[in-house]
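The shown structure was predicted, so the numbers you read here are calculated from the model rather than taken from an experiment.
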Amino acid sequence: MRASKYFIKTMKETPAEAEVPSHVYLLRAGYIKKVAAGIYSYLPLGLRVLKNIENIIRKHMDEAGALEVLLPILTPAELWKETGRWDVYGKELFRLKDRHDRDFALGPTHEETITDLVRQTVRSYKDLPLNFYQIQTKFRDEARPRYGLIRGREFVMKDAYSFDISEEMAIKSYEIMKETYHKIFKELGLNYLMVEADVGAIGGKYSHEFVVMVPNGEAHIVYCENCGYAANVEAAKYEFELDKLPPEEEKPLEKVYTPDVKSVEDVTKFLNVKPNKIVKTLIYILDDGTPIAILVRGDRELNETKVLNYFGALDMHLATSEEMEKLGLVEGFVGPIGLDIPVYADRSIEDLHNFVVGANEKDYHYINVNMPRDFNPVDIVDFGTATEGDPCPVCKSPLKETTGLEVGHIFLLGTKYSEALKANFVDKDGKEKPIVMGCYGIGVSRLIAAAVEQNHDENGIIWTDNIAPFKLHILALNTKDKNIMEIAENIYNISRGLGIEVLLDDRDISPGAKFKDADLIGIPYRIIVGKGVKNGVVEFQRRKDNEKIEIPIDSVENKLKEIFGG
RNA sequence: CGGAGUGUAGCUCAGGUGGCAGAGCACGUGCCUUGGGAGCACGGGGUCGCAGGUUCAAGUCCUGCCACUCCGACCA
């Protein structure tokens, strides 16, 4: 491709809307253009990258035996009502009506649609297993779209769904997808981690996330360098055993005057105790209106996901000041003793002795509190958020914490959707059974952003070889110089003959502008045709390190074969 | 959804106390130049987010709305 005939629209300055590197460079280099918040057009360069990623995914999905389909974006409300998600999915589901006032939704995911297809077509165990996938645009009315392609309202996703006759077989399908995902992310050239994850609203038995390691990512994960355990902090088990404090003799319970001492930090200072001897009492209101109290050690953070899972709730919130008042509670001085709402404890306070809690009375705390002497929780559960330094639940080594971007998520769904939609099959024994499902997503457009987040420098993008829009960038530095142009054209033709995706910068602009654009666009390999041609050489430069080496013009073809294996 | 902020040329932005709509970059033409976003000259480009209001006069003041960005909540 010749740049003079292509669509290269770079920007010198950072658009005001962009904050994170991927957003900045994808806009500046002319890969994408914003249409509305969280909605982008892919320009020719951007589409090439998107297609490259799609094709790598497609290749591995096909190899794994999955079958590509294309489901509709526009889906009837009836299907969503059958599984209950018309109500549960909430505001994130884009809803619309047709001219007959019938309800529809723009698909944010396709469990309903694919299960509907399967229930209509699959009758016997002989039809199974099946794995359908599609690469398609998804719609989610995000509360807050942000960071360019990282969190959009319209985005491209690969979603796959497996259907098996038993959980045992479904686990096999799940394992095949897990391996396939590893192959995909390796081929994309990204530094990633597979982590144990929470199933969230999709539901199911267990799941894994694939997270591309980037600083300041949205996914918080802990991992163990010793044994390889890795998990999203939402899902990470907290290995409280090694974090236990030494046993102490129980001291008599005492109520102390603590004027205006509310937060853990206040209590720490006022009573001169460590945060791990203080117990926080958090009041939550579940989605059915039930208030609950949850106790966590002062130095630990509560994990709301674990609480939701424990109560089987979809939503909950910390009690507001008004709600606290209605329940007769004193903000800042809530405690479990004498509380008449159910009290649950995180395992961090199991075996804790002589600790501090609020006294349910303004300006008073209890000290030397002990369980079960002074109160007895309904249950003691792992409600904690794992954090750096916590012992690994597998091998007890200290965990490391890091952040990343979730680009893939696989779920063993079980029969949640097949039962709701009555997707059954007749087994060998002649009995009708629900199909056992799994679902597998990859954020295709988010991968573009993730790749840039992970691979860029102060000058622009540095694509990995397999996803770069072009693999070779030829810079003809002076278009008025016939000699330069002839040699550049010649190298361009040789490259094309070798099947290399090549971009020739033949625009009549200054050399500096060409270099700046080339850095911004981030094509991995570059040949510079400039004044060196007088001495029979051109330069070869890698975007990664910008190191230039001179090579004789007549050995360019061999060099290209060496790099691109032509 | 709560909090904060911003909307003026394609982009980045300036336009005290109301008084002819601006700059740099980008774009077009010409000259000149060709190894890290060159220079000179001329030129085109505006519903100042939208709608009301105050005023002789509104980019500027007032009211409402909309859009966008950031922080938070939320996020298969």
Between Tyr89(A) and Lys548(A), who's closer to the 5' end of RNA chain B by nearest nucleotide?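 The residue closer to the strand's 5' end, by nearest nucleotide, is Lys548(A).
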
Minimum-distance nucleotide to [X] side chain [options: [options]]:
| X | options | result |
| --- | --- | --- |
| Ala37(A) | U69(B), G35(B), C70(B) | U69(B) |
| Tyr147(A) | G35(B), C70(B), C75(B) | C70(B) |
| Glu304(A) | C68(B), C74(B), C25(B) | C74(B) |
| Met11(A) | C11(B), G37(B), G35(B) | C11(B) |
| Glu142(A) | A38(B), C75(B), C71(B) | C75(B) |
| Ile528(A) | G72(B), U12(B), G35(B) | G35(B) |
| Glu17(A) | A73(B), U34(B), U69(B) | U69(B) |
| Ser510(A) | C11(B), A38(B), U69(B) | A38(B) |
| Ala16(A) | C75(B), C71(B), U12(B) | U12(B) |
| Ala513(A) | C75(B), G37(B), C74(B) | G37(B) |

Any N/O donor-acceptor pair, [X] side-chain to [N] base, under 3.5 Å:
| X | N | answer |
| --- | --- | --- |
| Glu13(A) | G24(B) | yes |
| Arg144(A) | C1(B) | no |
| Arg28(A) | G37(B) | yes |
| Asp517(A) | G37(B) | yes |

Rounded to whole Å, please give me the gap between [atom1] in [X] and [atom2] in [N].
| X | N | atom1 | atom2 | value |
| --- | --- | --- | --- | --- |
| Ile474(A) | G35(B) | CD1 | C1' | 17 Å |
| Glu19(A) | C68(B) | CD | P | 17 Å |
| Lys34(A) | C70(B) | NZ | P | 9 Å |
| Lys12(A) | G24(B) | NZ | P | 13 Å |
| Arg507(A) | A38(B) | CZ | P | 12 Å |
| Asn478(A) | U34(B) | CG | P | 8 Å |

Heavy atoms under 4.0 Å, any strand shown: does [X] hit a base, just sugar-phosphate, or nothing?
| X | result |
| --- | --- |
| Thr479(A) | nothing |
| Gly90(A) | nothing |
| Met157(A) | base |
| Gly530(A) | base |
| Lys514(A) | nothing |
| Leu520(A) | base |
| Glu92(A) | sugar-phosphate |
| Glu234(A) | nothing |
| Lys138(A) | nothing |

Taking the basic N atoms (NZ, or NE/NH1/NH2) and the acidic carboxylate oxygens, is any pair closer than 4.0 Å for Asp457(A) and Arg543(A)? yes

Is it the case that atom CG in Asn216(A) sees more than 12 heavy atoms from other parts of the structure closer than 6.0 Å? no

Nucleotide opposite [N] in a Watson-Crick or G-U pair, distances under 3.5 Å:
| N | value |
| --- | --- |
| G22(B) | C13(B) |
| C1(B) | G72(B) |
| U29(B) | A41(B) |
| A51(B) | U63(B) |

How far does the P atom of G10(B) sit from the matching atom of G46(B), given to the nearest Å? 8 Å

Angle class for the His23(A)/Tyr40(A) ring planes (parallel below 30°, perpendicular above 60°, tilted otherwise)? perpendicular

Phe94(A) vs Phe139(A) aromatic rings, parallel, tilted or perpendicular, using cut-offs 30° and 60°?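 Aromatic pair Phe94(A)/Phe139(A) classed perpendicular.
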
Kindly indicate whether a cation-pi arrangement holds for [X] with [Y], taking the cut-offs as under 6.0 Å to the six-membered ring centre and within 45° of the axis.
| X | Y | answer |
| --- | --- | --- |
| Lys471(A) | Tyr525(A) | no |
| Lys33(A) | Phe7(A) | no |
| Arg95(A) | Trp86(A) | yes |

